[in-house]
Amino acid sequence: MVLGRSFEDMCAQMYYRGKMFGFVHLYNGQEAVSTGFIKLLKAHDYVCSTYRDHVHALSKGVPARAVMSELFGKTTGCCRGQGGSMHMFSKEHGVLGGFAFIGEGIPVALGAAFSSKYNQEVLKDDTADAVTVAFFGDGTCNNGQFFECLNMAALWKLPIVFVVENNLWAIGMSHVRATSVPDIWKKGPAFGMPGVHVDGMDVLKVREVAKEAVARARRGDGPTLVECETYRFRGHSLADPDELRDPVEKAHYAARDPIVSFKKYLIENNLANESDLKSIEKKIDEIIEEAVEFADASPLPQRGQLLENVFADPKGFGIGPDGRYRCEEPGFTAGIAQV
């Protein structure tokens with residue numbers, strides 16, 4: 001959790017220094033959800049995220065330097081600088097991507113869960129026990145693909161956990177003003193799957209719920225819908241002045257900071273002392289500093305990379321007869337290059 005918080009704080013600094021571009025959505029305050037679920041997963045399990053995806057990637061094991069480089073738009077990023085803040089992807093770590101449009105990642109997560117079941121039941125691969133965890137926000141839960149995917153997952157008993165990170169606000173729209181039945185977890189039983197509500201500011205409570213949901217999916221009993229009530233400590237994105245939320249509400253949730261609460265738990269139960277925690281924080285600071293230095297020193301992508309990973313076979317469209325990318329022609333940006 002501390003890695004995620006420190007990473008996001010550094011992102012804010014780098015964004016305001018002009019090192020990052022576009023929209024950057026930070027995860028401050030919601031770390032207990034990511035840690036509570038993803039740290040239970042196996043290496044071959046899958047995670048599907050949203051535009052608020054940096055910490056999900058970090059929790060699944062993507063190196064901080066690879067995530068930071070992606071945010072800087074450098075070739076050493078996990079998507080070679082072509083994804084940016086909202087599109088973290090790592091095949092090696094089972095991160096199926098962040099998605100800019102709400103609900104966009106849920107069908108992708110469903111497909112990954114279907115592949116696990118198909119490989120196990122049809123292709124008879126006993127090692128295909130991967131579980132998929134789909135993260136999304138409260139604003140997504142009034143969208144059609146959310147309901148369609150709940151139905152399909154329950155119908156086919158797919159190994160997937162739907163995790164709603166209910167931070168109470170969809171950009172500037174209060175959840176209770178936009179939803180006829182604000183209790184999202186109740187939508188699970190309507191489709192024949194368990195629905196669970198948990199305090200998303202308490203990492204241990206999240207972990208307990210995650211244990212059962214992940215185990216249920218892995219043993220073939222089907223999906224679970226988990227609503228984690230949490231809160232983001234910053235605006236919707238770094239471009240949001242955050243003037244719509246009540247200061248009293250923000251102060252209420254700030255007092256329940258999941259990292260501060262967990263530190264207190266560790267000390268009170270003699271699981272760690274202040275020195276131990278300071279040592280962890282120092283190590284994380286070094287990781288973050290190294291990630292920034294690495295990203296800053298890394299090269300920008302060549303223009304020829306623009307047309308890579310766009311078409312399965314770019315020959316005849318993106319590559320000229322001489323084998324060179326057409327975007328390298330002098331007239332490309334002027335719109336007069338021969339196509």
Side-chain angles (χ1 to χ4, degrees), residues 4 8 23 25-38 47-56 86 98-110 132-151 153 160-191 193-203 205-206 209-210 213 223-237 240 242-246 248-250 252-254 256-258:
E8 298 292 67
F23 290 102
H25 308 81
L26 301 186
Y27 198 72
N28 298 56
Q30 301 181 204
E31 297 90 353
V33 181
S34 180
T35 298
F37 270 93
I38 297 178
V47 165
C48 209
S49 186
T50 66
Y51 45 74
R52 207 178 301 279
D53 58 351
H54 313 159
V55 179
H56 292 151
M86 296 187 277
F99 294 86
F101 291 97
I102 63 171
E104 192 180 17
I106 304 177
V108 174
L110 195 81
T132 300
V133 178
F135 292 94
F136 48 94
D138 49 283
T140 296
C141 297
N142 294 321
N143 283 20
Q145 63 265 52
F146 167 66
F147 296 102
E148 291 176 23
C149 290
L150 287 185
N151 180 61
I160 185 169
V161 182
F162 299 99
V163 180
V164 187
E165 298 192 78
N166 184 0
N167 61 25
L168 311 182
W169 289 84
I171 307 182
M173 173 58 72
S174 168
H175 172 61
V176 295
R177 288 185 60 200
T179 306
S180 58
V181 179
D183 302 310
I184 300 171
W185 65 271
K186 291 181 179 178
K187 294 169 184 173
F191 288 92
M193 71 177 72
V196 183
H197 178 275
V198 65
D199 179 0
M201 306 297 277
D202 187 324
V203 68
K205 289 180 180 177
V206 173
V209 169
T224 303
L225 174 64
V226 181
E227 177 184 0
C228 301
E229 186 177 327
T230 183
Y231 203 75
R232 52 175 164 81
F233 291 166
R234 293 179 178 267
H236 174 69
S237 75
D240 175 14
D242 196 19
E243 297 173 343
L244 296 174
R245 298 187 297 175
D246 188 338
V248 174
E249 178 185 279
K250 290 193 278 189
H252 168 73
Y253 282 96
R256 300 180 57 228
D257 187 319

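We find the CD-CD distance between E229 and E165 to be 13.0 Å, quoted to the nearest 0.5 Å. In this structure, SG on C141 lies 7.5 Å from CZ on F147, to the nearest 0.5 angstrom. Distance check: L150 CG to F162 CZ gives 5.0 Å after rounding to the nearest 0.5 Å. Atom OH in Y253 sits 8.0 Å away from atom CE in M201 (nearest 0.5 Å). Residue N167 holds its CG atom at 7.5 Å from CZ of R245, rounded to the nearest 0.5 Å. Atom-to-atom distance recorded for R52:CZ and N28:CG is 9.5 Å, nearest 0.5 angstrom.
In terms of the side chain to side chain donor-acceptor pair (under 3.5 Å) criterion, residue partners of W169 (sequence neighbours excluded) are, by chain and number, E249. E104 meets the side chain to side chain donor-acceptor pair (under 3.5 Å) test with no other residue; sequence neighbours excluded. Looking at residues two or more places apart in sequence or on another chain, you find no ring-ring contact (aromatic ring centres under 6.0 Å, His included) involving F37. Partners of H54 by ring-ring contact (aromatic ring centres under 6.0 Å, His included), not counting sequence neighbours: none found. T224 pairs by the side-chain contact (heavy atoms from CB on, under 4.5 Å) definition with P194, V196, A213, R216, V226, not counting sequence neighbours. D257 pairs by the side-chain contact (heavy atoms from CB on, under 4.5 Å) definition with R5, F233, I259, V260, not counting sequence neighbours. Legend: residues meeting side-chain contact (heavy atoms from CB on, under 4.5 Å) with V176, ordered by chain and number and at least two apart, are S174, P182. By the side-chain contact (heavy atoms from CB on, under 4.5 Å) test, P189 pairs with no residue at all, sequence neighbours left out. Scored by the side chain to side chain donor-acceptor pair (under 3.5 Å) test, D183 finds K186 as partners (sequence neighbours excluded). Shown here are the ring-ring contact (aromatic ring centres under 6.0 Å, His included) partners of F191, two or more places apart in sequence or in another chain: there are none. In this structure Y51 satisfies the side chain to side chain donor-acceptor pair (under 3.5 Å) test with no other residue, sequence neighbours excluded.
Side-chain atoms of Y27 and H56 include a donor-acceptor pair closer than 3.5 Å. In the model, N166 has a side-chain atom that pairs as donor or acceptor with a side-chain atom of E227 under 3.5 Å.
The shortest non-hydrogen separation linking M173 to R177 is SD-CB, 3.9 Å. Heavy-atom minimum distance, A134 versus I160: CB-CD1, 4.4 Å. Among all heavy-atom pairs drawn from D53 and G98, the shortest one is OD2-CA, 3.3 Å. Smallest separation of non-hydrogen atoms from Y231 and Q30: O-CG, 3.6 Å. Between G139 and A170, the closest heavy-atom pair is CA-CB, 3.9 Å. The shortest heavy-atom contact between A32 and G200 is CB-O, 3.4 Å.
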* **Residues I102, F146; criterion side-chain contact (heavy atoms from CB on, under 4.5 Å); working and verdict** => CA-CA 10 Å; I102 63 171; F146 167 66; over 6 Å; no
Margin query: side-chain contact (heavy atoms from CB on, under 4.5 Å) for D242 and K250? Distances and angles first, verdict last.
Written below: CA-CA 10 Å; D242 196 19; K250 290 193 278 189; 3.4 Å; yes
Audit row: V164, F136, side-chain contact (heavy atoms from CB on, under 4.5 Å) steps and yes/no: CA-CA 5 Å; V164 187; F136 48 94; 3.5 Å; yes
Candidate pair H175 and I184, rule side-chain contact (heavy atoms from CB on, under 4.5 Å), full reasoning: CA-CA 10 Å; H175 172 61; I184 300 171; 3.6 Å; yes
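The neighbour count for K205 NZ, taken as heavy atoms of other residues, nucleotides or ligands under 6.0 Å away, does not exceed 12.
Within the structure, the side chain to side chain donor-acceptor pair (under 3.5 Å) test picks out the following pairs touching residues 136-148 (sequence neighbours left out): N142-T179.
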